[in-house]
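These notes are about the structure you will find just below.
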Amino acid sequence: MKILWDLFFSCFKVGLFTFGGGAAMLPLLQAEFAERKKWVSEKDLLDYYAIGQCTPGIIAINTATFIGYNKGGILGAVIATLGMVMPSLIIILLIASILRGYMDNPYVIHAFAGIRIVVVALIANAVVGLWKNGIRNIFSGVIFILSLLLLVFADFSPVMIVLVALLTGYLYQIWQRRKL
Amino acid sequence: MIYVLLFWEFCKIGLMAIGGGMVTIPFLLELSDKYDWYSRDDLLNMIAISESTPGPIGVNMATYVGYVTGGLGGGIIATAGLVLPSVIIIIMVAKYLYSKDKSSLMQRLLLGVRPAVAALILYAGWELAQLSLINYLSIVIALIMLGLMQLLKWHPIVYICMAAVIGIVFEL
């Protein structure tokens with residue numbers, strides 16, 4: 001019972017103190033789970049994180065679920081996930097309900113007009129990061145261009161794009177093995 | 001009914017968004033076209049708030065979209081939908097699949113997904129840019145901000161606060 005409460009509280013803390021998720025979350029996960037609690041070794045944590053990156057869903061949630069399962073089985077996994085999402089739920093619900101009353105305030109309108117511009121820059125920045133990490137050879141370049149073409153000209157949904165990419169990646173792997 | 005739909009749509013996003021919070025954006029853009037839940041302008045606002053509040057971006061976005069669509073219950077249901085596939089898949093991986101060579105197999109499978117996801121986000125960014133980059137001033141601001149992000153690597157919240165001030169000063 002104590003371990004479940006511990007799991008919840010630790011994940012709650014990580015959820016509360018991470019701004020932005022993704023890479024920003026790794027140092028916090030390391031500090032809490034590897035250094036303070038010693039539930040996992042640094043190396044295992046990096047493995048969990050790497051698996052979290054390539055399994056569906058939010059990376060931080062995946063990593064927390066993994067640790068939770070190892071410490072407390074299925075219930076542990078669920079509790080860790082709950083702990084991780086709880087701060088988001090509380091804070092976003094609060095902000096959203098407060099903002100609702102101010103959305104016609106002229107200052108808020110101007111501020112958000114500025115903010116919407118920077119969000120586009122943030123998205124572009126994310127694309128640059130993904131480009132550097134993900135597009136390294138001709139194969140990945142071809143997937144990138146093919147995906148764009150399917151999006152622009154064939155009106156593919158994001159779900160279809162991901163499925164096509166998974167399948168193509170899989171077939172490419174098989175083909176590479178044959179060649180060896 | 002709206003709850004069932006929210007849960008289902010966010011389950012799909014939780015299942016298909018591989019690689020982090022920003023990857024949810026193309027899926028949320030698709031939702032804004034498919035249903036009458038929120039506008040594309042709302043989506044841009046929600047991204048900004050999700051980036052500048054604590055917690056994983058993807059979870060914040062799900063909570064926000066859920067709240068806008070179906071109130072308090074909607075926020076909780078959408079978030080539950082988003083994390084359910086993760087929890088199930090990770091438990092399966094932890095129980096049956098976890099071994100060094102298998103995790104490298106998964107990483108190799110990703111070979112195709114990473115560039116596709118880059119294309120998805122680029123396309124979503126292009127669509128959203130048409131809403132907010134409407135004149136020379138806004139294009140110049142966006143380019144300067146992107147340059148700063150590349151050079152300085154500050155936290156997104158810094159740029160979002162700067163943009164809010166710019167918006168008020170220039171009365172955008």
Side-chain angles (χ1 to χ4, degrees), chain A residues 15-16 19-22 51 54-62 65-66 69 74 77 81 85 87-89 91-93 96 107 110-127 130-131 134-135 140 143-144 147-148 151 157-159 161-162 165-166 168-170 173, chain B residues 14-16 18 20-22 26-27 44-45 47-48 53-60 63-64 67 75 79 83 85-87 89-91 94 103 106-107 109-116 118-123 125 129 132 138 141-142 145-146 149 156 159-160 163-164 166-168 171-172:
Chain A
L16 186 62
F19 283 77
I51 293 172
C54 57
T55 39
I58 308 303
I59 302 168
I61 300 286
N62 293 348
T65 308
F66 217 121
Y69 179 80
I74 292 177
T81 307
V85 301
S88 291
L89 269 178
I91 291 165
I92 292 287
L93 289 175
Y107 289 108
H110 290 315
F112 271 105
I115 287 171
R116 284 197 294 269
I117 295 172
V118 85
V119 169
V120 172
L122 282 169
I123 296 174
N125 193 47
V127 174
L130 281 165
W131 176 275
I135 293 148
S140 44
I143 293 263
F144 179 81
S147 304
L148 263 190
L151 278 166
S157 71
V159 172
I161 296 284
V162 172
L166 267 175
T168 318
Y170 180 69
Q173 289 290 326
Chain B
L15 191 62
M16 300 311 294
I18 305 171
M22 294 299 258
F27 295 91
L44 281 168
N45 296 348
I47 295 169
T53 46
I57 300 170
V59 176
N60 293 348
T63 307
Y64 209 139
Y67 174 77
T79 308
V83 300
S86 285
V87 174
I89 290 168
I90 291 292
I91 289 174
S103 83
M106 280 197 284
Q107 278 175 340
L109 271 184
L110 263 198
L111 216 65
V113 174
R114 286 228 174 93
L120 275 178
I121 299 182
L122 176 64
Y123 184 64
S132 62
S138 52
I141 294 172
M145 289 288 182
L146 179 61
M149 285 169 200
Y159 305 107
I160 289 170
I166 292 171
I168 292 170
E171 301 205 332
L172 291 171

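Predicted model only: the values in this text are computed from it and were never measured. Chain letters run A, B, ... following the sequence lines, proteins first, then strands; residues in each count from 1. Computed from heavy atoms alone, side chains included, the values below leave out hydrogens, waters and symmetry copies.
The contact between Y69(A) and chain B is made entirely by side chain atoms (from C-beta outward), counting heavy-atom distances below 4.5 Å. The contact between T79(B) and chain A is made entirely by side chain atoms (from C-beta outward), counting heavy-atom distances below 4.5 Å. Of the two parts of A126(A), only the side chain, counted from C-beta on, holds a non-hydrogen atom closer than 4.5 Å to a non-hydrogen atom of chain B. The contact between I135(A) and chain B is made entirely by side chain atoms (from C-beta outward), counting heavy-atom distances below 4.5 Å. Proximity to chain A (any heavy atom under 4.5 Å) is shown, for P85(B), by neither the backbone nor the side chain. Of the atoms belonging to I61(A), it is side-chain heavy atoms, and not backbone ones, that fall under 4.5 Å from chain B. Neither the backbone nor the side chain of I166(B) comes within contact range of chain A, judged by heavy atoms closer than 4.5 Å. Only the side chain of I91(A) comes within contact range of chain B, with at least one heavy atom under 4.5 Å from a heavy atom of that chain.
Using a 4.5 Å cut-off on side-chain heavy atoms (C-beta onward), V159(A) and F27(B) make contact.
A donor-acceptor pair under 3.5 Å is absent between the side-chain atoms of T65(A) and the main chain of T81(A), judged by distance alone. With hydrogens and angles disregarded, no donor-acceptor distance shorter than 3.5 Å links the side chain of N62(A) to the backbone of I51(A).
Interface remark: of the candidates G75(B), P26(B), G14(B), G14(B) forms the most heavy-atom pairs closer than 4.5 Å to chain A.
Considering L172(B), I160(B), L44(B) as possible partners of I115(A), the one that fulfils the side-chain contact (heavy atoms from CB on, under 4.5 Å) test is I160(B).
The shortest heavy-atom contact between A121(A) and M145(B) is CB-CB, 4.0 Å.
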